[in-house]
2 protein chains.
Amino acid sequence: MPERATSSEKTREALIRAGLRLFGEKGFDGTSTREIAAAAGTNIASIAYHFRGKEGLQLACAEFITTAMGGVAYHAMGNLAGNPELSSREEARALLVKGVEMIVQFIAGRPEAAEIVQFVLRELMHPSPALDHIYSGLFEPVHVRLCQLWAAATGEPADSDEVKLTVFSLIGQVVYFRIAEAAIMRRMGWSETGSDQTRDIARTVIANLNAILDARMRSAR
Amino acid sequence: MPERATSSEKTREALIRAGLRLFGEKGFDGTSTREIAAAAGTNIASIAYHFRGKEGLQLACAEFITTAMGGVAYHAMGNLAGNPELSSREEARALLVKGVEMIVQFIAGRPEAAEIVQFVLRELMHPSPALDHIYSGLFEPVHVRLCQLWAAATGEPADSDEVKLTVFSLIGQVVYFRIAEAAIMRRMGWSETGSDQTRDIARTVIANLNAILDARMRSAR
DNA sequence: GTCTATAAACAGATAGAC
DNA sequence: GTCTATCTGTTTATAGAC
């Protein structure tokens, strides 16, 4: 692991970043290797050299996403793999709210996230071998962790269908604001999706989360 | 408007149905005109003849969607354009719940809806001229109607940002179950998305809707 | 209106010079 | 490792026979 990036590594990373952006924007089939090479400031042959071809680059992009997002998810929700121990329901609920808030900030707020979210969504809609990496490296661990937090906050079993589906519905809300951004901006009369808009979205999603949690707590009595 | 479909009209419709399915499944760029013609049981040249080319077919698919979905939406939520008059909050709430339930049944439940939903989502993610038809013919009127129902049920103003964003979040929940179907099935251990699964999804979404409505009613006091 | 044949452009992959 | 030139197959669009 050299500290200074070699020329080879720079080209490799530039190709991944270009692939991520273009695959996310226009899809795998909609993007030509010529475009990717041009965006990365290199030549077409380097894609075959570094990744064995266009599909190899797609896979490398998926690996990049799981690595990069793992760090974000860790910050948002604590250890993904272990320690489901939480001292109190209140603490778990606070962590859940904070986690969802950070997910909104990332998915709906950060412009760089658009390409990542779109890349993942395209994989979900039209699975390729790259989806396996994303599922086991990102999708499942994040979902499991959110279910743990939900269970700790409500007392419901973390592996019940009810909890799992509710957590999916939470994620779905957030993701939709990024997918349908074009239409939502038009309907809301927004000219951009800046920090004001992200705040409004976060407020809506958190209000929903609290409403659903409260309803569950009441019905559990 | 002839009562019996002519040969020309049959070919036209077959091309639209094939285009809808294939564009939805694999995207516009991922689908070749050869595939579409083969799926429609006709030849490549007929696409140019009937629709001026591949893009023209895409536009015709969007028009087909707005027309076909208009009927579904009408059944689910009453007149889209006019009569926002509703006699009581309870009636409005019942109509809202029923409307969302039918949207779930359609979007998440009916297999034929998968291609339509995916077609629309692809347009949202990567807008083409076809998005304009879908936005003004389907997306906006449905959203406006849901906001009217929400306003009538809660007393909140139908054109407030809060109501509009909350309605978006409701739609997002439902849509996500269709987008992420592959990953959700894996996480839930489902081998298919049949009526049992659709019922569970509907139950989750309706429970969320009721929780959010209840929270709003309480805070309004 | 339908269909075959073909044109013109473009795709991804690769050989070989440097 | 990088890059140019090129190979091979596929794409959309279209001309013209029927």
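Worth saying up front: this structure is predicted, and the values here are computed from it rather than measured.
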Could you tell me the separation between the NZ atom of B/Lys10 and the P atom of C/dT2, rounded to a whole number of Å?
11 Å

Considering all heavy atoms, the nearest B/Val167-B/Cys147 contact:
CG2-SG, 3.9 Å

Would you mind classifying the nucleic acid contact of A/Ser32 as base, sugar-phosphate or nothing, using non-hydrogen atoms under 4.0 angstrom?
sugar-phosphate

Hey, is the side chain of A/Thr33 poking within less than 4.0 Å of OP1 or OP2 on C/dG12, counting only N and O atoms?
yes

Whole angstrom is fine here: how far is it from CZ in A/Arg34 over to C1' in D/dA5?
11 Å

Can you establish whether the number of heavy atoms outside B/Arg52 located under 6.0 Å from its atom CZ is more than 12?
no

May I ask you to say what B/Ser8 touches in the nucleic acid, namely base, sugar-phosphate or nothing, with a heavy-atom cut-off under 4.0 Å?
sugar-phosphate

Whole Å only: how far is the CD1 atom of A/Ile47 from the P atom of D/dT2?
12 Å

Just how far is it from atom NZ of A/Lys10 to atom OG1 of A/Thr6, taken to the nearest 0.5 Å?
9.0 Å

By nearest-heavy-atom nucleotide on DNA chain D, the more 5' of A/Tyr49 and A/Ala45 is A/Tyr49

Please evaluate residues B/Lys26 and B/Glu35 with respect to the criterion salt bridge (charged side-chain N to carboxylate O under 4.0 Å, His left out), reporting the C-alpha separation (whole Å), side-chain torsions for both, the decisive distance (0.1 Å), and the verdict.
CA-CA 11 Å; B/Lys26 319 200 293 174; B/Glu35 283 177 281; 2.3 Å; yes

Per-residue pairing states of DNA chain D in dot-bracket (Watson-Crick or G-U under 3.5 Å; . unpaired, | other strand) read |||||||.||||||||||

Among C/dG1, C/dA13, D/dT11, the one nearest any side-chain atom of A/Ile44 is C/dA13

Considering only C/dA13, C/dC3, D/dA13, which nucleotide approaches the side chain of B/Lys54 most closely?
D/dA13

Of the options C/dG12, D/dA13, C/dT2, whose atoms approach the side-chain atoms of B/Asn43 most closely?
C/dT2

What is the distance from CD of A/Glu35 to C1' of C/dA11, rounded to the nearest Å?
11 Å

Whether B/Thr11 contacts C/dT2 is assessed here as follows: a side-chain N or O lying under 4.0 Å from the phosphate OP1 or OP2. Is that the case?
yes

Between C1' on D/dA13 and CG on B/Leu57, what's the gap in Å once rounded to a whole number?
14 Å

Do B/Arg187 and A/Phe139 form a cation-pi contact, if we require the NZ or CZ to be under 6.0 Å from the six-membered ring centre and within 45 degrees of the ring's axis?
no

Can you confirm whether B/Val117 sits close enough to B/Phe177 that some side-chain heavy atom of one is under 4.5 Å from a side-chain heavy atom of the other?
no

Which heavy atom of A/Leu15 sits nearest a heavy atom of A/Ser46, and at what distance?
CD1-OG, 3.7 Å

Tell me the interatomic distance from B/Asp29, atom CG, to C/dA9, atom P, rounded to whole angstroms.
20 Å

The nucleotide from C/dT2, C/dC3, C/dA11 with an atom nearest the side chain of B/His50 is C/dT2

Phosphate contact (D/dG1 OP1 or OP2) by A/Ser7 side-chain N/O below 4.0 Å
no

Figure out the CZ/C1' separation between A/Arg52 and C/dG12, and round it to whole Å.
14 Å

B/Arg12 CZ - C/dG1 P separation (whole Å)
11 Å

Counting only heavy atoms not in A/Glu55 (residues, nucleotides, ligands), do more than 12 fall under 6.0 Å from its CD?
no

